[in-house]
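Residue numbering restarts at 1 for every chain, and letters A, B, ... go by the order of the sequence lines. Quick note: numbers below take in every heavy atom, side chains included, and nothing from hydrogens, waters or symmetry partners.
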Amino acid sequence: MLDLRHVVDHLDEVKSALGRRNAAAAAALDSLDELARRRREAIAASESRAAQRNKANEEMARLPKGSPEFLARRDELKQLSAEQKEFEKTVTTVEAEIQQILQGVPNMPLASVPDGAGAEDNVEVKVWGQRPSFDFAPRPHWELGAGLQILDFDRAAKLSGARFSVLFGAGARLERALIQFMLDLHTGEHGYTEVQTPFLVRGTALFGTGNLPKFEQDLFKIQGDAPDMLQAMYLIPTAEVPVTNLHGGELLEAEKLPVAYAAYTPCFRSEAGSAGRDVRGMIRQHQFDKVELVRLTTAEAAEEQHELLTRHAEVVLERLGLHYRRMLLCAGDMGFSSQKTYDLEVWLPSENQFREISSCSWFGDFQSRRADLRFRPEPKAKPRFLHTINGSALAVGRTLIAILEQYQRADGSVAIPEALRPYMGGIEAIKV
RNA sequence: GGAGAGGUGACCGAGUGGUCGAAGGUGCAUGAUUGGAAAUCAUGUGUACCUGCAAGGGUACCGAGGGUUCGAAUCCCUCCCUCUCCGCCA
């Protein structure tokens with residue numbers, strides 16, 4: 001969430017930054033100036049009466065109860081108190097309106113983020129590795145998986161419907177091996193602390209990361225009698241949600257920063273609005289596994305930390321020998337809460353194109369303001385909001401797909417990347 | 001699921017309608033003492049918002065939200081969370 005004061009004081013600047021995402025984002029701010037003024041007036045009116053009332057209360061405490069002076073004074077104060085409550089109600093109402101607007105406003109793209117409306121305007125930053133060449137027609141992962149009897153969509157459909165998959169044998173082990181490999185790399189070499197979180201969270205956590213209230217339709221909600229969205233339970237769409245909120249409401253000490261967590265979780269997404277997209281294979285599922293990296297840091301260190309985290313995600317692809325590229329997302333293609341995002345895209349031979357396998361974002365203090373993530377720069381200093389950074393490292397299902405496709409052989413078998421073999425019982429390939 | 005007990009500042013803990021932003025302690029900071037440290041003593045030590053050039057002034061916050069009252073940490077209601085016992089259970 002953007003800071004009200006900053007928005008009002010720099011309205012034109014904020015509007016032009018948001019305008020780079022889309023016109024609607026900027027237009028939402030139009031009424032804020034006036035609302036902020038009404039808020040200030042109501043606060044002044046309410047507080048001046050509260051001050052009078054508090055002053056009179058000292059006198060009331062001294063007057064004998066039931067005395068004529070006491071009764072007369074009490075009647076006067078009734079009026080004052082009623083007025084104060086009226087103005088306080090106005091404050092509450094106006095602030096709710098302001099919140100409503102601000103909650104729906106996305107983060108501002110940084111100046112270094114390129115202009116653009118969609119994926120076609122993203123900028124390629126780097127390409128790593130060689131495009132694998134085949135002396136046969138490379139097969140899509142679902143054909144490879146079916147041939148090897150490790151990947152089954154029909155049986156998953158019997159259990160859960162469309163957009164689920166079942167892994168068997170070496171396929172299931174490959175999934176598990178990837179999770180282990182990624183966690184070991186990040187905790188062992190990149191300095192992250194592994195964390196296991198709940199997969200079911202209350203709405204307040206989803207508000208913290210910016211998924212609620214605007215994107216409820218993307219989530220799986222648990223049926224229950226919660227009175228509102230924020231108290232309801234949801235399946236997490238990413239580990240970003242529980243991990244980012246882990247220190248909500250706390251005041252972290254500066255020397256503990258940066259905080260760096262690596263978490264494996266399954267992720268659940270309703271994929272509302274994506275009907276017809278990626279319906280074949282396991283590119284887009286209602287449930288998938290992901291290893292997520294989260295860093296909490298200071299504003300000053302954040303840019304460097306974002307580069308570092310992105311680099312950590314890239315190392316996974318490089319150790320696995322997977323051809324990929326890094327994209328800098330344009331303003332129009334970034335997620336709601338992000339101010340700068342790199343996507344890593346892995347090469348899929350069957351599609352003859354790169355596909356997203358990781359998204360590494362720097363949120364500034366946008367999430368921290370919602371999730372109440374603060375630190376104290378030094379012992380006596382005022383608390384400040386942290387900067388949050390996170391990224392997939394990596395989406396496990398898509399990594400499995402990339403391995404199947406990039407390491408496939410003419411006979412339908414799939415070689416196991418060197419780095420993964422210790423996790424696969426030493427086998428060098430998956431064969432029938 | 002049943003019964004009960006609780007949620008107070010960085011932490012522990014007192015406080016059942018007024019002078020309570022909140023006793024006391026711990027921790028922390030500064031100073032004194034010391035060759036240095038420990039111990040001791042003194043002083044200080046929350047956050048957010050409004051207002052002001054500033055110094056300052058004001059308001060709110062005792063799990064969250066409502067209510068009663070001139071006045072609520074204290075009384076009432078709803079919710080959330082923690083703990084204990086019983087039941088059930090991986």
Side-chain angles (χ1 to χ4, degrees), chain A residues 1-9 32-100 102 196-208 212-213 222 224-234 242 245-257 365 368-386:
Chain A
M1 191 154 63
L2 299 177
D3 178 41
L4 174 64
R5 174 168 286 191
H6 183 267
V7 172
V8 170
D9 289 351
L32 270 184
D33 207 21
E34 169 67 9
L35 283 170
R37 194 183 56 74
R38 280 174 49 201
R39 170 178 173 272
R40 275 198 303 273
E41 284 173 5
I43 287 174
S46 160
E47 289 192 351
S48 74
R49 280 160 186 80
Q52 283 180 59
R53 184 202 61 202
N54 289 346
K55 203 149 207 175
N57 280 343
E58 291 172 30
E59 177 191 345
M60 286 297 282
R62 281 192 304 266
L63 288 174
K65 294 204 174 27
S67 68
E69 300 96 310
F70 180 92
L71 294 175
R73 195 78 182 104
R74 193 185 62 186
D75 289 342
E76 286 171 42
L77 289 176
K78 259 185 196 169
Q79 171 67 20
L80 184 65
S81 191
E83 280 178 28
Q84 191 273 326
K85 286 208 167 83
E86 258 328 290
F87 282 115
E88 197 175 275
K89 272 205 181 95
T90 308
V91 174
T92 309
T93 312
V94 174
E95 285 193 337
E97 268 181 77
I98 290 171
Q99 288 300 310
Q100 184 96 34
L102 282 180
Q196 268 280 347
T197 69
F199 305 151
L200 225 47
V201 295
R202 228 177 264 289
T204 45
L206 289 149
F207 178 84
L212 287 181
I222 304 302
D225 52 10
D228 60 55
M229 204 184 257
L230 294 180
Q231 287 180 65
M233 299 288 272
Y234 297 83
N245 283 283
L246 221 42
H247 296 291
E250 298 178 22
L251 205 50
L252 299 181
E253 293 163 45
E255 62 263 32
K256 299 245 171 77
L257 302 177
D365 59 12
S368 289
R369 194 167 283 111
R370 292 172 158 248
D372 191 22
L373 296 167
R374 296 181 303 161
F375 74 105
R376 199 184 290 283
E378 43 199 292
K380 292 282 173 184
K382 267 172 74 86
R384 288 172 54 198
F385 285 114
L386 288 157

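- Distances from the side chain of F70(A) to the nucleotides C70(B), U47(B), G71(B) place C70(B) closest.
- Closest to the R374(A) side chain, of the nucleotides C70(B), U47(B), C50(B), is U47(B).
- With a cut-off of 3.5 Å on both Watson-Crick or G-U wobble distances, the partner of A54(B) is given as none.
- Rounding to whole angstrom units, CZ of residue R73(A) and P of G18(B) are separated by 19 Å.
- Rounding to whole angstrom units, CD of residue E58(A) and C1' of C20(B) are separated by 12 Å.
- When both distances must be under 3.5 Å, the Watson-Crick or G-U wobble mate of A64(B) is U78(B).
- Ionic pairing of E41(A) and R38(A) is not present here: no N-O contact between side-chain nitrogen and carboxylate oxygen is shorter than 4.0 angstrom.
- When the nucleotides C80(B), A48(B), A60(B) are ranked by their closest atom to the side chain of A50(A), A60(B) comes out on top.
- With distances taken from any side-chain atom of S81(A) to the nucleotides U69(B), C50(B), C70(B), the minimum falls on C70(B).
- In this structure, the separation between CD on E76(A) and CE on M60(A) is 9.5 Å, given to the nearest 0.5 Å.
- The closest donor-acceptor contact from the side chain of D365(A) to the backbone of F385(A) lies at 3.5 Å or more, if one exists at all.
- Separation of the P atoms belonging to C28(B) and U82(B) is 31 Å when rounded to the nearest angstrom.
- The base of G71(B) is not paired with the side chain of K78(A) by any donor and acceptor separated by under 3.5 Å.
- Contact annotation: R376(A) does not reach the phosphate of G46(B) (side-chain N/O to OP1 or OP2, under 4.0 Å).
- Between G18(B), C80(B), C50(B), one nucleotide has an atom nearer to the side chain of N57(A) than all others, and that is G18(B).
- Separating the CZ atom of R39(A) from the P atom of A60(B) is a distance of 15 Å, rounded to the nearest angstrom.
- In terms of modelled atom types and a separation under 3.5 Å, the side chain of R370(A) and the main chain of F207(A) share a donor-acceptor contact.
- Taking for each of E95(A) and R74(A) the nucleotide of RNA chain B with the nearest heavy atom, the 5'-most of the two is the partner of E95(A).
- Ionic pairing of R62(A) and E59(A) is not present here: no N-O contact between side-chain nitrogen and carboxylate oxygen is shorter than 4.0 angstrom.
- The side chain of Q231(A) sits closest to C80(B) out of G58(B), C80(B), G71(B).
- Nucleotide G31(B) is matched to C41(B) when pairs are restricted to Watson-Crick or G-U wobble geometry with both distances under 3.5 angstrom.
- Listed pair R5(A) / C50(B) meets the phosphate criterion, a side-chain N or O lying under 4.0 Å from OP1 or OP2.
- Taking every side-chain heavy atom of R202(A) into account, C81(B) is the closest of G58(B), C70(B), C81(B).
- Closest to the side chain of P383(A), out of C70(B), U59(B), U47(B), is U47(B).
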